[in-house]
Protein chains: 2
Amino acid sequence: MDTREQIVSTTEKLIITKGYNGFSYQDIADVIGIKKASIHYHFKTKEDLGVAFVQMYHDRFNTWTASVKDKPNLDRLNGFGKLFKIVSNNGKHICPIGMLTSEYKTLPEKVQQKVHDILATMEDWTTELIEDGIRTNIYKPSIDSRLMAKILINSLSYETKTARIFENDNQLDQIFAELKKLIVA
Amino acid sequence: MDTREQIVSTTEKLIITKGYNGFSYQDIADVIGIKKASIHYHFKTKEDLGVAFVQMYHDRFNTWTASVKDKPNLDRLNGFGKLFKIVSNNGKHICPIGMLTSEYKTLPEKVQQKVHDILATMEDWTTELIEDGIRTNIYKPSIDSRLMAKILINSLSYETKTARIFENDNQLDQIFAELKKLIVA
DNA sequence: GACAACCTACCTACTAGTAGGTAATTTAGT
DNA sequence: ACTAAATTACCTACTAGTAGGTAGGTTGTC
């Protein structure tokens with residue numbers, strides 16, 4: 001992993017714990033053992049680094065959706081749930097996009113745009129997943145796909161935060177199971 | 001409204017937009033037109049102010065639950081939904097407790113404790129509401145009360161954040177309606 | 001006179017960002 | 001193959017601004 005990748009990777013960890021406004025170039029410098037000015041060499045401004053991080057996260061999600069696009073609907077649904085389980089890391093981490101969603105109003109314009117984009121991508125993908133499930137009679141026909149997509153994403157994303165507070169590492173599974181009960185016919 | 005109340009009230013607005021770590025005593029001073037040092041007179045440290053704010057918010061919730069405790073179950077459920085609608089203020093605001101939940105790891109210890117307490121209170125109240133609904137055959141018997149309580153709170157709380165980003169002021173109602181469809185028999 | 005509620009004036013610590021320099025590597029021209 | 005120019009990746013040292021917090025003085029009310 002080269003220095004640039006190390007910076008973005010460290011940024012992810014710091015956003016999870018301290019948020020975008022809460023971490024500093026000095027924090028990153030301390031973690032990877034270089035000087036603050038050297039980070040400015042790789043990312044001229046903090047805004048540039050923020051944009052690069054969210055773009056990386058968006059790319060990661062797109063790569064994942066591409067990798068499961070031919071799998072059965074229920075596999076994709078379970079895979080989506082597992083994504084949050086991995087992010088949560090047994091109640092130790094939270095979803096960084098959830099953090100940026102909270103901080104949105106104070107984020108630099110270009111970072112806001114990127115956060116807006118990944119949220120839209122995730123909501124659209126999940127909506128299509130549920131639409132597909134209804135169309136193929138796997139899911140309950142009474143469901144509104146977009147609203148259920150939001151309920152699913154909101155419940156799981158927010159749970160990574162409360163799990164960290166209550167040091168509860170298994171309720172994410174239970175919530176996902178309860179949601180599946182509501183969705184699957 | 002005396003100065004102390006003005007400070008706490010301004011703190012609420014600032015936490016909603018900038019978060020606990022994002023607002024400063026100077027911000028408050030600018031809003032209410034006094035000097036920074038005068039805020040230290042009312043709240044010796046920022047931690048004290050944070051504690052006072054969350055306590056006020058907790059008291060407000062307790063006052064509300066007390067005011068509806070003898071109302072029919074569905075009235076209480078609808079009232080709970082409306083609480084988020086009021087907080088959201090047509091997609092302009094977010095739930096400040098949701099903000100503090102994101103920031104949790106960086107909050108001073110006493111503020112963390114208060115956030116932990118209000119989250120537990122809200123979850124317990126909602127769980128009991130759903131238990132009552134199941135017991136009185138108003139809700140679907142297949143529901144797990146605690147998990148559904150979390151799904152309800154998470155969905156609505158997180159939606160105040162995404163509504164602010166997408167400038168969408170009516171999906172909170174729709175999500176609450178969809179959740180009611182899932183809960184009510 | 002006592003006290004509450006404010007003030008001015010300061011402190012230390014930290015922030016993002018910049019100026020200017022250096023050693024090592026890569027590229028281009030002869 | 002040799003060399004000069006350019007680039008990469010870092011460094012030290014600094015700026016202006018802001019953070020939370022404090023000491024001590026002033027003002028207004030009972």
Side-chain angles (χ1 to χ4, degrees), chain A residues 1-54 99-100 102-112 114-115, chain B residues 1-54 96 99-100 102-115:
Chain A
M1 192 158 49
D2 64 25
T3 303
R4 194 189 157 91
E5 287 169 333
Q6 276 188 72
I7 293 169
V8 177
S9 166
T10 305
T11 299
E12 178 170 6
K13 287 173 196 136
L14 289 170
I15 285 179
I16 285 168
T17 46
K18 312 177 105 184
Y20 177 85
N21 295 308
F23 84 86
S24 70
Y25 269 30
Q26 189 60 57
D27 291 335
I28 298 173
D30 291 345
V31 170
I32 67 180
I34 57 170
K35 296 294 162 181
K36 188 170 72 88
S38 306
I39 301 168
H40 281 283
Y41 169 78
H42 293 281
F43 299 95
K44 203 160 187 343
T45 68
K46 198 179 174 183
E47 178 166 12
D48 293 336
L49 176 55
V51 166
F53 165 69
V54 183
M99 175 64 92
L100 297 175
S102 290
E103 292 182 293
Y104 192 79
K105 283 281 156 184
T106 60
L107 297 178
E109 205 189 313
K110 285 172 190 166
V111 182
Q112 284 190 346
K114 287 288 174 188
V115 171
Chain B
M1 192 158 49
D2 65 25
T3 303
R4 194 190 156 90
E5 287 168 333
Q6 277 188 71
I7 293 168
V8 177
S9 166
T10 305
T11 299
E12 178 169 5
K13 287 173 196 134
L14 289 169
I15 286 179
I16 284 167
T17 46
K18 312 176 103 185
Y20 177 85
N21 294 309
F23 84 87
S24 69
Y25 270 31
Q26 190 59 56
D27 292 334
I28 298 173
D30 292 343
V31 170
I32 68 180
I34 57 170
K35 296 293 163 182
K36 191 168 68 97
S38 307
I39 300 168
H40 281 285
Y41 170 77
H42 293 282
F43 299 95
K44 204 162 186 344
T45 68
K46 196 179 176 185
E47 177 166 11
D48 292 336
L49 175 55
V51 166
F53 165 69
V54 183
M99 176 63 93
L100 297 175
S102 289
E103 292 181 293
Y104 193 79
K105 283 281 156 184
T106 60
L107 298 176
E109 205 188 314
K110 286 172 190 166
V111 182
Q112 284 189 344
Q113 188 57 55
K114 288 287 174 189
V115 170

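Just the heavy atoms: all of them, side chains too, but no hydrogens, waters or symmetry mates, feed the values below. Numbered from 1 within each chain, the chains take letters A, B, ... in sequence-line order.
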Length of the line joining [X]:[atom1] and [N]:[atom2], which is rounded to integer Å:
X     : N      : atom1 : atom2 : value
B:F43 : D:dT22 : CZ    : C1'   : 18 Å
B:Y25 : D:dG17 : OH    : C1'   : 21 Å
B:Y20 : D:dA19 : OH    : P     : 14 Å
B:I39 : C:dC6  : CD1   : P     : 10 Å
B:K35 : D:dG25 : NZ    : P     : 20 Å
B:I28 : D:dA19 : CD1   : C1'   : 13 Å
B:N21 : C:dT15 : CG    : P     : 12 Å
A:D27 : C:dA16 : CG    : C1'   : 13 Å

So, is [X] close to the [N] phosphate, meaning a side-chain N or O under 4.0 Å from OP1 or OP2?
X     : N      : value
A:K46 : C:dA16 : yes
B:S38 : C:dA5  : no
B:T3  : C:dC6  : yes
A:Y41 : D:dC10 : no
B:S24 : D:dT18 : no
B:K44 : D:dT22 : yes

Which nucleotide wins on minimum distance to the side chain of [X], given the candidates [options]?
X     : options                : value
B:A37 : C:dC7, C:dT15, C:dT18  : C:dC7
A:K36 : C:dG17, D:dC10, C:dT15 : C:dG17
B:H40 : D:dA19, C:dT15, D:dG21 : D:dG21

> Pick from A:I7, A:L100, A:D48, A:V111: which one makes a side-chain contact (heavy atoms from CB on, under 4.5 Å) with A:F53?
Replying inline: A:L100
>> Using the rule side-chain contact (heavy atoms from CB on, under 4.5 Å), only one of B:T10, B:I34, B:T3 pairs with B:I39; which is it?
In response: B:I34
> Toward the 5' end of DNA chain D, which comes first, A:I34 or B:T45, by nearest nucleotide?
Replying inline: A:I34
>> What's A:F23 touching, base or sugar-phosphate or nothing? Going by heavy atoms closer than 4.0 Å.
In response: sugar-phosphate
>> Check whether B:D27 reaches the backbone of B:S24 with its side chain - one donor and one acceptor, N or O, closer than 3.5 Å.
In response: yes
> Do A:F43 and A:T11 have side-chain heavy atoms sitting under 4.5 Å apart?
Replying inline: no
>> Within the 4.5 Å heavy-atom criterion, are A:M99 and A:I16 side-chain neighbours or not?
In response: no
